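Notes for the one structure printed next.
The chains referred to below are lettered A, B, ... by the order of the sequence lines, with proteins before strands, and numbering in each begins at 1. All values reported here derive from a predicted model rather than from experimental measurement.
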2 protein chains.
Amino acid sequence: MYGAIEAGGTKFVCAVGNDRGDIIDEAQFPTTVPDETMKEVISFFQKHHVKAIGIGSFGPIEVNKDHADYGSITSTPKLTWANYPIVDVMKEMFDVPIGFNTDVNAAALGESFTGAAKGLDSCLYITVGTGIGAGAVVNGSLLQGWSHPEMGHILVRRHPEDPYEGTCPYHKDCLEGLAAGPAIERRWEKKGIELADKQEVWEMEAFYLAQAIMQYMLILSPKRIVMGGGVMKQKQLFPLVRKQVATLLNGYISLPELETFIVPPGLGDHAGITGALMLAKNEVEK
Amino acid sequence: MYGAIEAGGTKFVCAVGNDRGDIIDEAQFPTTVPDETMKEVISFFQKHHVKAIGIGSFGPIEVNKDHADYGSITSTPKLTWANYPIVDVMKEMFDVPIGFNTDVNAAALGESFTGAAKGLDSCLYITVGTGIGAGAVVNGSLLQGWSHPEMGHILVRRHPEDPYEGTCPYHKDCLEGLAAGPAIERRWEKKGIELADKQEVWEMEAFYLAQAIMQYMLILSPKRIVMGGGVMKQKQLFPLVRKQVATLLNGYISLPELETFIVPPGLGDHAGITGALMLAKNEVEK
């Protein structure tokens with residue numbers, strides 16, 4: 001049995017499962033302050049015997065094992081969690097290998113193991129919700145280098161009819177600043193879910209997301225792109241994004257069939273927690 | 001001994017070298033029509049006994065071994081080379097393993113093996129010349145997925161004082177369309193080399209290149225970025241690019257020291273041919 005934690009900004013999901021990604025037990029706890037939330041997490045795992053634990057965490061986090069603060073959540077705006085050494089805290093309680101990566105890298109791993117990119121050694125997982133983030137599997141391994149990717153903050157060209165300045169405190173109108181849930185809400189002065197039938201909202205959203213997909217395709221050449229998160233529950237976005245991606249690329253690269261290339265998660269909201277289980281498995285097999 | 005071919009749009013470089021990347025013999029032939037150029041290439045290798053040959057080629061090329069046209073140059077505008085099965089042609093003459101990848105992926109491999117990114121398991125190599133292309137090493141292997149990357153064609157935001165429409169036949173004002181050598185020449189009506197002392201030329205060039213570097217950093221998180229090609233011989237570009245990258249990222253991610261992170265090739269113009277030697281070596285070791 002493996003343990004898994006999907007550490008999110010609003011809730012922590014904890015699970016126990018097997019090496020095929022089947023989840024046996026699962027619980028959720030609200031993300032409050034570390035002492036409170038981690039007490040729940042620890043008591044969940046004290047009820048189970050696991051041989052490793054995988055953590056897919058909100059970020060930024062330190063993923064390089066040769067850095068002093070490896071295993072910490074670093075400069076998050078959630079101040080009580082800034083510089084929180086989550087791996088060390090778990091290691092102190094449980095004497096097992098701990099895998100650690102970003103929530104989106106975990107989701108990419110989950111989708112490539114048993115979801116919409118099953119059997120592929122290459123995929124990209126992007127979440128469009130309160131923020132935008134993405135993770136990738138390249139040649140069968142999680143993409144990592146100097147640090148983990150921060151794909152949500154790439155630059156995009158502004159839509160000619162979009163006067164909204166953008167929400168990003170660092171870049172104003174980067175992808176996340178213009179296309180994450182809060183940007184939709186402030187631009188149109190309604191929640192995305194109340195705007196479902198407004199064509200112009202989703203055309204503009206697809207305009208930004210398609211630019212991002214184009215950059216990801218040209219730079220990473222993934223074998224499949226899985227789009228999840230709250231905003232992508234507006235399923236009308238998928239055909240709009242596919243169409244604008246084809247228009248932008250304009251025949252430059254030979255494209256896979258976009259219908260089966262840009263897809264929703266095969267695991268629904270379970271991509272992250274399943275991937276965290278795989279992080280645990282990988283840590284044992286290393 | 002290994003053999004190496006750097007197949008470029010204007011010339012083919014052929015070399016023989018050892019597994020440490022030392023080149024023993026080298027020759028260059030102009031890229032004319034396949035029959036003519038390949039006759040020279042074949043007669044060069046007939047003079048040497050090599051146990052494998054690596055080819056770093058101009059593209060687009062087919063790099064997936066499970067595709068029928070693996071080993072071909074595909075849709076190049078150099079029409080006599082379109083759909084040319086260069087790997088098959090070499091295999092017919094020489095009964096040795098043949099490694100095959102893009103010229104820029106080969107250069108990334110060369111720089112990470114014995115150049116400016118020596119000892120790192122992650123780097124990006126970008127060439128800015130007649131065109132713009134980039135290759136990357138991720139977790140110690142060449143980046144590859146659905147196909148090879150085509151990083152030169154990413155979208156950039158236009159400089160507010162740049163009226164030039166762009167040269168790219170597919171996207172007009174993508175990165176290559178605005179920042180490759182021909183765009184500089186047509187925008188300023190002089191060759192780049194004659195514009196060396198015009199500050200505004202290089203400020204604008206750095207404006208575009210820095211946007212690209214930002215996207216590459218956020219998406220790939222390389223451990224080092226090596227910038228080569230004819231345009232990058234204007235060394236004044238390096239400090240300008242580094243400065244604009246820092247401005248664009250605006251403190252969002254913890255940065256390495258940019259002085260040693262964005263650098264010229266350690267192998268000068270030999271990155272590609274050295275990498276092609278490594279493609280041969282990798283093919284034997286696989």
Side-chain angles (χ1 to χ4, degrees), chain A residues 59-60 62-64 67 74-75 120-124 134 136-158 168-175 210-212 214-225 248-256 261, chain B residues 59-60 62-64 67 74-75 120-124 134 136-158 168-175 210-212 214-225 248-256 261:
Chain A
E62 181 52 65
V63 288
N64 272 328
H67 285 201
T74 56
S75 60
L120 300 179
D121 64 354
S122 152
C123 77
L124 181 100
V137 172
V138 173
N139 292 328
S141 302
L142 284 178
L143 174 59
Q144 191 172 306
W146 162 260
S147 181
H148 54 79
E150 282 286 354
M151 305 197 205
H153 290 262
I154 61 168
L155 299 176
V156 286
R157 291 177 181 173
R158 180 173 281 282
C168 179
Y170 293 91
H171 317 114
K172 280 281 182 207
D173 58 358
C174 65
L175 175 68
Q211 288 184 56
M214 177 183 183
Q215 312 291 69
Y216 302 153
M217 287 174 74
L218 293 172
I219 295 173
L220 281 171
S221 195
K223 291 187 179 169
R224 195 156 295 158
I225 293 178
L248 283 171
L249 285 168
N250 195 27
Y252 176 65
I253 51 174
S254 94
L255 287 182
F261 178 71
Chain B
E62 182 53 66
V63 287
N64 271 327
H67 284 200
T74 56
S75 60
L120 300 178
D121 64 353
S122 152
C123 78
L124 181 100
V137 172
V138 173
N139 294 327
S141 302
L142 285 178
L143 175 59
Q144 190 171 307
W146 161 260
S147 182
H148 55 78
E150 283 286 354
M151 304 196 205
H153 290 261
I154 60 167
L155 299 176
V156 285
R157 291 177 180 173
R158 179 173 282 282
C168 178
Y170 293 92
H171 317 114
K172 280 281 183 208
D173 58 358
C174 65
L175 176 68
Q211 286 184 57
M214 178 183 181
Q215 311 292 68
Y216 301 152
M217 286 175 74
L218 293 172
I219 294 172
L220 281 171
S221 195
K223 291 186 180 170
R224 195 156 296 159
I225 293 179
L248 283 170
L249 285 168
N250 196 25
Y252 177 65
I253 51 174
S254 93
L255 288 183
F261 178 71

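- Considering all non-hydrogen atoms of both residues, A:Ile253 and B:Glu150 come closest at CG2-CG, 3.7 Å.
- The structure places SG of A:Cys168 at 7.0 Å from OH of B:Tyr252, a figure rounded to the nearest 0.5 Å.
- With a 4.5 Å cut-off on non-hydrogen atoms, A:Pro256 touches chain B through its backbone and its side chain both.
- A:Tyr216 contributes atom OH, which lies 9.0 Å from atom CG of B:Leu218 (distance to the nearest 0.5 angstrom).
- When each of A:Ala136, A:Cys123, A:Ser254, A:Ala134 is checked for heavy-atom pairs under 4.5 Å with chain B, A:Ser254 comes out on top.
- Taking NE2 of A:His153 as the start and CD1 of B:Ile219 as the end, the distance is 12.5 Å to the nearest 0.5 Å.
- Side-chain atoms of A:Trp146 do not come within 3.5 Å of backbone N or O of B:Ser122 as any donor-acceptor pair.
- Options A:Lys223, A:Gln215, A:Met214 differ in how many heavy-atom pairs under 4.5 Å they form with chain B, and the most are formed by A:Gln215.
- Of all the heavy atoms in B:Ser221 and A:Pro149, the pair that sits closest is CB-N, 4.3 Å.
- Looking at B:Leu255, only its backbone comes within 4.5 Å of chain A, counting heavy atoms on both sides.
- Here the CG-CG distance, from B:Leu220 to A:Leu143, works out to 6.0 Å after rounding to the nearest 0.5 Å.
- In this structure, A:His171 NE2 and B:Leu248 CG are separated by 8.0 Å, a value rounded to the nearest 0.5 Å.
- When the candidates A:Asp121, A:Ile154, A:Asn250 are compared by the number of heavy-atom contacts under 4.5 Å with chain B, A:Ile154 comes out ahead.
- Between B:Asn139 and A:Val138, the closest side-chain pair of non-hydrogen atoms is not below 4.5 Å.
- Interatomic distance, CZ of A:Arg157 versus CZ of B:Arg158, reported as 7.5 Å (0.5 Å rounding).
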